[in-house]
Amino acid sequence: AKHRSCIFIYCRIIFDAEFDIVPLMKKTLPFLFSFLFSCCILFAQEENFQIPDSLADKTNLQLKKLAKYYRYKVPNTAKIYTEVLHKRASQQQNQFDLIESYFYFGHIAFIQGEYTNSISSINKGIALAETEQDSILRKLYAVRGNTQEAYGQYGEAFDDYNTMLKIAKKYNDKRGIIIAETSLAKLKLNNRQYYEALKAYHTYYKVSKDTTIVSKNSRLSLLIGISDVHLKTQVLDSARIYMDIGLKESLKIDDFDSACYFYTFNGIYE
């Protein structure tokens, strides 16, 4: 749970305008299974990966949409779509989609707590994107910043978030700016700069009803952040209000991961 507070709470860095979600209540796997799983990820990206017949007719765009949809719900399924995307993009020499595949590999690994694999994949994407397709860098730095936080490398995370903010401003990417600013806000929260963090959360919560700018999942991340600040500063009446809103909205869209936060917060509140 502590890792979750540092990693994505309030900022599901998704890079498609959602904020990042890492399973709060996931089971701890033995080291052996973790190691074997890591090997599977690396193997999947090898040239000898065969595209399943059932996915042969899927376009790259369809594969990306499927990977995006399943990455939180069923990460292993999302990984299969990403493997096909990676293979196809490599064959087509489609650099943009190849970079996208590294983003999804990195993000899925991050969601599943495979931080070493996450950084490795993201670094490959960044290496390709630095020479062209700069706009996708925002998504890549977002994932790497979250992963750096998971490791407790707050200085490196701060640098990645600032780089992400610079790129988002360059492309007038409103969603990217919000993600970057709230990512920086959670670093402030972790540093007990509660007023500064709450100010940023409230600023973007005001516009969060506009789903063209802030996704429903992103709005929940903001509610998690606001609730957490109020609990930490013991402003319990306000905490109760935002916790209730967050729990209701998370259950409405079947975001059970966020719901776990609000149930946990409720225990802290009581």
Side-chain angles (χ1 to χ4, degrees), residues 3 6-8 11-16 18-22 34-47 49 60 63-64 67-68 71-72 75-76 78-168 170-171 173 176 179-180 183-184 186-187:
H3 278 300
C6 297
I7 302 171
F8 94 103
C11 185
R12 294 173 189 170
I13 304 293
I14 320 321
F15 331 99
D16 54 58
E18 294 178 65
F19 291 175
D20 247 4
I21 300 179
V22 183
S34 178
F35 174 77
L36 291 174
F37 178 67
S38 299
C39 292
C40 288
I41 293 178
L42 296 175
F43 177 77
Q45 298 182 48
E46 293 296 329
E47 291 300 319
F49 171 77
N60 289 8
L63 291 168
K64 284 186 279 188
K68 175 182 175 181
R71 58 185 166 178
Y72 299 125
N76 286 335
K79 197 184 309 174
I80 294 173
Y81 294 122
T82 304
E83 290 165 353
V84 178
L85 175 65
H86 181 83
K87 179 74 171 183
R88 180 91 47 76
S90 298
Q91 293 173 340
Q92 298 170 343
Q93 296 185 340
N94 184 330
Q95 185 171 3
F96 184 82
D97 284 347
L98 187 61
I99 295 169
E100 285 273 0
S101 75
Y102 283 126
F103 161 71
Y104 281 110
F105 274 130
H107 191 217
I108 293 166
F110 169 73
I111 288 171
Q112 296 190 312
E114 297 290 333
Y115 301 137
T116 300
N117 286 328
S118 177
I119 289 180
S120 176
S121 294
I122 294 301
N123 284 345
K124 290 177 183 178
I126 289 174
L128 290 176
E130 281 179 337
T131 55
E132 59 181 89
Q133 312 289 5
D134 288 344
S135 61
I136 198 174
L137 279 171
R138 190 264 292 175
K139 293 166 53 173
L140 295 167
Y141 279 110
V143 174
R144 196 173 74 175
N146 269 312
T147 307
Q148 297 286 12
E149 263 193 271
Y151 276 127
Q153 302 295 326
Y154 301 121
E156 289 83 351
F158 180 82
D159 291 341
D160 278 346
Y161 292 151
N162 270 317
T163 300
M164 178 174 61
L165 179 60
K166 181 179 178 181
I167 294 169
K170 174 182 176 182
Y171 288 89
D173 179 357
I179 291 170
S183 295
L184 291 168
K186 66 186 170 70
L187 286 179

In short, Arg144 meets Ile122 closest at the heavy-atom pair CB-CG2, 3.8 Å
Under 6.0 Å from the six-membered ring centre of Phe103 and within 45° of its axis: does the NZ or CZ of Lys139 meet both? yes
Decide if atom CZ of Phe158 counts as having more than 12 heavy atoms of other residues, nucleotides or ligands within a radius under 6.0 Å. no
d(Asp97 CG, Asn60 CG) to nearest 0.5 Å is 4.5 Å
Start with the C-alpha gap between Gln148 and Asp159, add the side-chain angles, then the distance that decides, and say whether side-chain contact (heavy atoms from CB on, under 4.5 Å) holds. CA-CA 10 Å; Gln148 297 286 12; Asp159 291 341; over 6 Å; no
Compare every heavy atom of Gly106 with every heavy atom of Ser118, then report the nearest pair and how far apart it is. OG-O, 2.8 Å
Rounded at 0.5 Å granularity, tell me how far CG in Asp173 sits from CD1 in Ile179. 7.5 Å
Quick one: closest heavy-atom pair of Met164 and Ala180, and the distance? CE-CA, 3.3 Å
The single option from Gln95, Lys64, Lys68 that satisfies side-chain contact (heavy atoms from CB on, under 4.5 Å) with Glu100 is Lys64
Report yes or no: does Ser101 contribute a side-chain atom to a donor-acceptor pair with the main-chain N or O of Leu98 at less than 3.5 Å? yes
Quick check: closest heavy atoms across Gly176 and Ala168, and the distance to 0.1 Å? C-CB, 3.6 Å
Is His107 close to Tyr72 at the side-chain level, that is, under 4.5 Å between some pair of heavy atoms? yes
Please assess Ile119 against Asn123 for the test side-chain contact (heavy atoms from CB on, under 4.5 Å), listing each intermediate value before the final yes or no. CA-CA 6 Å; Ile119 289 180; Asn123 284 345; 3.4 Å; yes
Check whether Ser120 reaches the backbone of Thr116 with its side chain - one donor and one acceptor, N or O, closer than 3.5 Å. no
Gap separating the OG1 atom of Thr82 from the CD1 atom of Ile108, nearest 0.5 angstrom: 3.5 Å
Measuring from atom CZ of Arg88 to atom CD of Gln92, what distance do you get when rounded to the nearest 0.5 angstrom? 6.5 Å
Distance flag, aromatic centroids of Tyr81 and His86, threshold under 6.0 Å: no
Determine whether the side chains of Tyr161 and Glu149 contain a donor N or O and an acceptor N or O closer than 3.5 Å. yes
Please name all residues satisfying side chain to side chain contact (heavy atoms under 4.5 Å, CB included) with Ala129, sequence neighbours left out, ordered by chain then number. Ile99, Ile136, Leu137, Leu140
Would Asn117 and Phe105 count as a side-chain contact (heavy atoms from CB on, under 4.5 Å) here? Give the steps. CA-CA 8 Å; Asn117 286 328; Phe105 274 130; over 6 Å; no
For Ser121 and Tyr102, the nearest pair of non-hydrogen atoms, with its separation, is O-CB, 3.5 Å
Which of parallel (below 30°), tilted (30 to 60°) and perpendicular (above 60°) describes Phe110 and Tyr115? tilted
Please report the shortest heavy-atom distance between Tyr141 and Ile167, naming the atom on each side. CD1-CD1, 3.9 Å
Using salt bridge (Lys or Arg N to Asp or Glu O under 4.0 Å) as the criterion, list what pairs up with Lys166, not counting sequence neighbours. none
Output the distance between atom CG (Leu165) and atom CG (Asp160), rounded to the nearest 0.5 Å. 12.5 Å
Say you draw a straight line from NZ of Lys79 to CD1 of Ile111; how long is it, rounded to the nearest 0.5 Å? 10.5 Å
